[in-house]
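Before any comments, here is the structure.
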Amino acid sequence: MTALLGMGVPMTATMGPSASFRLTTEMFPERDRVEITREVYGRTVLKVDLDPLAPAQIDMRVRALPGLGIATGSSSEFRVHHTASLIDSDDLVLLAALDGTSVMKHRGREEAVGNGQALIMSGEEVGLNLIGPGGFRFVNMSFSRNQLSPLIGDPATVLMRPLPTQSGAMRLLLDYVQSVQEVGDELTAEAWHLAATHIFDLAALAMGATRDAAEIARGRGVGVARLRAIKADIVAHGGHIDLSARDVAARHGLSARYVRKLFEREGTSLIDFMIDQRLVRAHRMLSDPRHAGRSITEIAYEAGFNDLSYFNRAFRRRYDATPSDVRAAASRH
């Protein structure tokens, strides 16, 4: 085990290429939660001393990869103590606050980690984490020092130094980690190996990569993370017809040419991806009984298609069925 958030995540030398589990106090009767939190979650699983300062609530998804541990989720108010007797690694631990505040005491320093901030600690040293009232929502990562150190030089220079999370490589890192956590169980071992490589790339840039590592990361992890973020943005907008390549690029602080190149590296194009998302949106509406009274033409236009003939052809290529077929099938269920 290795400490994360003053909480811990297993490294997977013996657990295969990717192992994940969920920790939630809701699984246990309320009367047993304090004891289970302290003994099972704390000392046995997370390798820390956990003292609830409010009714104990933990809900986190933990993922363990070779050299990398990830935990995303939330917790109630806790005192989390990483004691000398529980130290079992020298990993570098990154804690990022998505909501709420945590006060870290480490290396003789005290730093508050609030929304929009991240902090890096050493897993080989004693530390204390006080999660504030109202709870804490976080992204937490534990990196093998042997794997990360060559990418950033001297790790001591980044310890207990507050880092902003709202822009740059740190923003890309947090967005990327959360997105792969959401689809993680669907990824193959090879895909997780690539994801871990990209995470190390982004973490190195966020912490201050060496010149060689930065050059490699910008051509590898950064591009993948940016493409994933752009796709998520387009999906959130349903491939809306008013969202142009220039608009997408501007939203992410990039040039339209660079965005187009990111898609070309995948063997596709920005417009093809946007059209696909419009088709997905149309299919979802055609399958939804709440839209049964609307015409196919109306749905096509709302999904972003101005040409009904083109919509019908594209829809049939995508789903091997006509819009009428999909609507009819939905009505039979």
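- Counting non-hydrogen atoms of other residues, nucleotides and ligands closer than 6.0 Å to CZ of Arg31 gives a total of 12 or fewer.
- You'll find the side chain of Arg294 reaches within 4.5 Å of the side chain of Met285, heavy atoms only.
- Taking CZ from Arg284 and NE2 from His291, the interatomic distance works out to 9.5 Å, rounded to the nearest 0.5 Å.
- Judged purely by atom type and a 3.5 angstrom limit, Glu215 has no side-chain atom pairing as donor or acceptor with the backbone of Arg211.
- The CZ atom of Arg318 lies 4.0 Å from the CG atom of Asp276; values are rounded to the nearest 0.5 Å.
- Asp51 is listed as a side-chain neighbour of Arg38, based on a closest heavy-atom distance under 4.5 Å.
- Counting heavy atoms from C-beta on, the side chains of Met104 and Val80 never come closer than 4.5 Å.
- Applying the side-chain contact (heavy atoms from CB on, under 4.5 Å) test between Phe143 and each of Leu148, Leu151, Ile120 identifies Leu148 as the sole match.
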Take His283 and Leu286, measure what side-chain contact (heavy atoms from CB on, under 4.5 Å) needs, and give me the verdict at the end. CA-CA 5 Å; His283 188 281; Leu286 289 165; 5.6 Å; no
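- Of all non-hydrogen atoms in Asp307 and Ser309, the two that sit nearest each other are OD1-N, 3.0 Å.
- Looking only at distances, no side-chain donor or acceptor of His81 sits under 3.5 Å from a matching main-chain atom of Val48.
- Linking ILVMFWY side-chain heavy atoms closer than 4.5 Å, directly or via other members, places Leu128 and Ile131 in two distinct hydrophobic clusters.
- Connection of Val103 to Leu50 is not established within any shared hydrophobic cluster, with ILVMFWY side chains joined at heavy-atom distances below 4.5 Å, either directly or through further cluster members.
- At distances below 3.5 Å, at least one donor-acceptor pair connects side-chain atoms of Asp325 with backbone N or O atoms of Thr322.
- Follow the hydrophobic side-chain contacts under 4.5 Å out from Leu227 and you reach Val248 in the same cluster.
- Using modelled atom types and a 3.5 Å distance limit, the side chains of Ser122 and Arg107 yield no donor-acceptor pair.
- For the pair Ile296/Phe315, no side-chain contact is recorded, criterion being any heavy-atom separation below 4.5 Å from C-beta on.
- Panel note: side chain Thr165, backbone Met170; no donor-acceptor pair is recorded below 3.5 Å.
- Distance CZ/Phe311 to CG/Leu308: 7.5 Å, rounded to 0.5 Å.
- Across all their heavy atoms, Ala303 and Ala282 have their closest contact at CB-CB, 3.9 Å.
- Across Leu173 and Ala203, no two heavy atoms sit closer than the pair CD2-CA, 3.9 Å.
- Judged by distance alone, with hydrogens and angles left aside, the side-chain atoms of Arg281 form a donor-acceptor pair with the main-chain N or O of Glu302 at under 3.5 Å.
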Might you work through the side-chain contact (heavy atoms from CB on, under 4.5 Å) test for Ile199 and Ile70, ending with a clear yes or no? CA-CA 10 Å; Ile199 290 169; Ile70 301 171; 3.9 Å; yes
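- Residue Pro289 comes nearest to Ser287 through the heavy atom pair CD-O, 3.5 Å, listed as atom of the first residue, atom of the second, then distance.
- Considering only heavy atoms from C-beta on, Leu94 comes within 4.5 Å of Met207 through its side chain.
- Judged by distance alone, the side chain of Ser142 and the main-chain N or O of Gly69 form no donor-acceptor pair under 3.5 Å.
- Side-chain contact between Gln178 and Leu98: present, with at least one pair of heavy atoms (C-beta onward) separated by less than 4.5 Å.
- The hydrophobic cluster containing Leu130 does not contain Phe138, counting ILVMFWY residues as joined when their side-chain heavy atoms lie under 4.5 angstrom apart, directly or transitively.
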Check the pair Thr37 / Phe78 against side-chain contact (heavy atoms from CB on, under 4.5 Å), numbers first and verdict last. CA-CA 11 Å; Thr37 296; Phe78 275 95; 3.5 Å; yes
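- You'll find the side chain of Glu26 reaches within 4.5 Å of the side chain of Gln57, heavy atoms only.
- Across all their heavy atoms, Thr210 and Ile152 have their closest contact at CG2-C, 3.9 Å.
- Proximity of a side-chain donor or acceptor of Gln181 to a complementary backbone N or O of Arg61 within less than 3.5 Å is detected.
- Around the CD atom of Gln166, the shell of radius 6.0 Å holds more than 12 heavy atoms that belong to other residues, nucleotides or ligands.
- In Asp154, the CG atom is crowded: over 12 heavy atoms of neighbouring residues, nucleotides or ligands sit closer than 6.0 Å.
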Does the pair Phe136 and Asn129 meet the rule for a side-chain contact (heavy atoms from CB on, under 4.5 Å), with working shown? CA-CA 12 Å; Phe136 194 56; Asn129 176 11; 5.7 Å; no
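- No donor-acceptor pair closer than 3.5 Å links the side chain of Arg137 to the backbone N or O of Asp99.
- Both Phe305 and Tyr319 belong to a single network of hydrophobic side chains, linked directly or stepwise wherever heavy atoms of I, L, V, M, F, W or Y lie under 4.5 Å apart.
- Taking a 6.0 Å sphere around CD of Glu35, one finds it holds 12 or fewer heavy atoms contributed by other residues, nucleotides or ligands.
- Side-chain contact check for Arg63 versus Thr72: every heavy-atom pair is 4.5 Å or farther apart.
- A distance of 4.0 Å separates CZ of Arg22 from CG of Asp59, quoted to the nearest 0.5 Å.
- With rounding to the nearest 0.5 Å, the separation of CG in Leu92 from CD in Gln147 is 11.0 Å.
- Taking CG from Leu65 and CZ from Phe200, the interatomic distance works out to 9.0 Å, rounded to the nearest 0.5 Å.
- Heavy-atom minimum distance, Pro162 versus Glu111: CG-OE1, 3.5 Å.
- Open room surrounds CZ on Arg246; 12 or fewer heavy atoms of other groups in view lie less than 6.0 Å from it.
- Side-chain N or O atoms of Ser179 include one that pairs as donor or acceptor with a backbone N or O of Tyr176 at under 3.5 Å.
- Between Asp175 and Arg171 there is a salt bridge, since a side-chain N of the basic residue sits under 4.0 Å from a carboxylate O of the acidic one.
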